[in-house]
Amino acid sequence: MIKAIRGMRDILPPETNRWQWVEAAAREVFELYGYREVRLPLIERTELFARSIGAETDIVAKEMYTFPDRHGDSLTLRPEATASVLRAVLEHGLDKGAGVKKYYTLGPMFRYERPQKGRYRQFYQINCEAYGVDAPELDAEVILLLLDILNRLQLGELRLLVNSLGCRDCQAHFKAALKNFLADKDGLCEDCRRRREANPLRVFDCKSPHCQAILADAPVLKDYLDEACAAHFARVLELLARHGVAYTEQPRLVRGLDYYTRTAFEVVAAGLGAQDAVAGGGRYNGLSRELGGPELPAIGFAIGEDRLLEVLPAALGQGQEFKVFLAALGEAARDRAFSLLQELRGQGLAAEMDFEGRSLKAQMSLADRLGAAYVVILGDRELETGVANLRPMRDFAYIQGEGVRLTEVAGGRMAVQQEEVPLDKLPEVLAQRLLGR
Ligand code: AMP
């Protein structure tokens, strides 16, 4: 049998209910903040990522799915969305005009990383990107938006880490100082020795305890921020504090990609182990120029959906379906049930029946397995009298404004009673019982 590729996985029901629920919540919050969706190709020219993410990053150096197409052009499965969204924004002139230009997108990313818990080769992100404004208010707003999404999902213990990477000038000063500091340090790992030359900021991403120990005394970016960058960062923090956001300043947070400037942030969750970042983002004012576009301030974040789902409380987003099962006995009853099924669905009720002529007992157990709230038994007698029995399979209660919620049956006793209903009134009565209308 052919199996899925290593590091890639199938996301199946009922888990998909939870994914849909998360995405619906994110969309709702995005709309509140004035963001609109873009849907972009999964494949771009390799050059787009090489130029934006940076040739010295792990992503570009060893993690991209890159291949020549049939004409020999080098193409890459997108490893992240920021470069693609900016490409589209510039290509379609969406950066023009006053105010903040706000876009979001959802979808899969691809990185050839070593698979482990919380790390996949195809993984999903919820991305937010905002353009055109450098004001710290936007940074604070973007972080508040991210937290709004995460809070709606009732995630447990989350920590917001923030840092400022300064502008390109601050970074140049800092890199020089860091290079200096690293120059005579023996025992750095091979990766860090390479980074020391090519892109010293990235040594902070190293997971080796030995390198981390060496870095304990390294200079920190905060001390190299110029006045404007320091004031910008202070204002972001002030706005966060004013809105009751608990944050931790993390002077060594540099994020994996080259293009970040000024505000950088990450949200980490307890209970995720080594791969504990649920979301990350920051400002990337220089990227537009890097891609041949105009000067364009920009900021965004990516939520790692796979990881978010791992910390989402188990009870959330299961999707409650209040199915009606039509148990039909005999050909005539099955024929009537088939039409009834469509009428019920027309009323917005999830309904099922059996097409294989099973026994009543088998149909009842199928109804139970499908989680039916009601079974309606249809046989010759019901067709004759035109009246059927509504049989509640589970106890349920009306919650004002929410339709119906199933609750466990205490001691097997049903609070909701069986009732007789004329067949032609069934859709109406069931809609009333199950949808509260
Ligand atoms: P990045 O684009 O690297 O800043 O990642 C943003 C978020 O995407 C991270 O915080 C993770 O939650 C998630 N993420 C990144 N890489 C992976 C991966 N290989 N597997 C699953 N989630 C990932």
Side-chain angles (χ1 to χ4, degrees), residues 26-41 44 48 51-53 78 80-107 125-149 162-171 225-243 245 255 257-265 279-303:
R27 286 176 191 283
E28 234 178 271
V29 179
F30 278 130
E31 300 290 333
L32 283 180
Y33 282 79
Y35 284 74
R36 290 190 299 162
E37 187 183 15
V38 292
R39 299 191 185 205
L40 307 179
E44 299 273 359
L48 175 68
R51 271 169 61 180
S52 58
I53 300 173
R78 66 178 185 194
E80 54 109 48
T82 298
S84 300
V85 179
L86 181 54
R87 195 253 325 125
V89 161
L90 296 176
E91 184 170 336
H92 302 287
L94 303 182
D95 56 315
K96 304 276 191 303
V100 187
K101 274 65 76 178
K102 303 173 168 178
Y103 301 99
Y104 74 91
T105 193
L106 314 178
Q125 285 187 346
I126 299 172
N127 287 88
C128 158
E129 315 289 344
Y131 304 96
V133 171
D134 190 32
E137 285 73 13
L138 179 59
D139 304 46
E141 186 189 68
V142 163
I143 294 173
L144 289 170
L145 156 61
L146 168 62
L147 297 178
D148 252 6
I149 295 177
V162 288
N163 193 20
S164 174
L165 304 185
C167 59
R168 290 286 177 221
D169 287 345
C170 307
Q171 286 183 18
L225 296 184
D226 62 25
E227 217 172 296
C229 289
H232 190 275
F233 189 41
R235 174 74 175 148
V236 175
L237 297 183
E238 181 204 327
L239 287 170
L240 291 179
R242 195 199 293 175
H243 286 86
V245 174
R255 314 259 317 122
L257 321 181
D258 270 2
Y259 52 58
Y260 286 108
T261 51
R262 292 196 159 171
T263 313
F265 53 91
R283 228 177 222 293
Y284 49 97
N285 289 350
L287 185 57
S288 172
R289 290 292 289 275
E290 206 70 45
L291 296 180
E295 190 67 43
L296 182 66
I299 179 167
F301 64 74
I303 298 175

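Heavy atoms only: backbone and side chains are in, while hydrogens, waters and symmetry mates are out. Note that this is a predicted model, so its numbers are computed, not measured.
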What residues form a ring-ring contact (aromatic ring centres under 6.0 Å, His included) with F30, not counting sequence neighbours?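 F30 satisfies ring-ring contact (aromatic ring centres under 6.0 Å, His included) with Y35, Y104 only.
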
Of all residues at least two apart in sequence or in a different chain, which pass the side-chain hydrogen bond (donor to acceptor under 3.5 Å, both in side chains) check with [X]?
X    : result
E129 : T82, Y284
D148 : Y33
S52  : none

Looking at [atom1] of [X] and [atom2] of [Y], how far apart are the two atoms once the value is rounded to the nearest 0.5 Å?
X    : Y    : atom1 : atom2 : value
Y260 : I299 : OH    : CD1   : 9.5 Å
K96  : K101 : NZ    : NZ    : 9.5 Å
R27  : E37  : CZ    : CD    : 4.0 Å
E141 : L239 : CD    : CG    : 10.5 Å
L147 : L240 : CG    : CG    : 8.0 Å
T105 : R78  : OG1   : CZ    : 6.0 Å

Identify every side-chain donor-acceptor pair in residues 289-297 under 3.5 Å, counting partners at least two apart or on other chains, and give the distances.
unit_1	atom_1	unit_2	atom_2	d
R289	NH1	E295	OE1	2.8

Specify the closest pair of heavy atoms between [X] and [Y], including all atoms of both residues, with the distance to one decimal.
X    : Y    : answer
C229 : C167 : SG-N, 3.3 Å
I149 : F301 : CD1-CZ, 4.4 Å
P136 : R235 : CG-CG, 3.3 Å
A279 : L146 : CB-CD1, 3.9 Å
Y131 : A298 : CD2-CB, 3.6 Å
Y103 : L94  : OH-CB, 3.4 Å

Check the pair L90 / S288 against side-chain contact (heavy atoms from CB on, under 4.5 Å), numbers first and verdict last. CA-CA 8 Å; L90 296 176; S288 172; 3.8 Å; yes

Quick check on R36: does its CZ atom have over 12 non-hydrogen neighbours (other residues, nucleotides or ligands) under 6.0 Å away?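 Atom CZ in R36 is not packed in, count stays at 12 or less.
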
Pair E238 + R242: basic N to acidic O under 4.0 Å: yes

Looking at L165, D134, L225, which one forms a side-chain contact (heavy atoms from CB on, under 4.5 Å) with R262?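 For R262, the side-chain contact (heavy atoms from CB on, under 4.5 Å) check succeeds only for D134.
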
Qualifying residues under salt bridge (Lys or Arg N to Asp or Glu O under 4.0 Å), relative to R87, sequence neighbours excluded: E44, E91

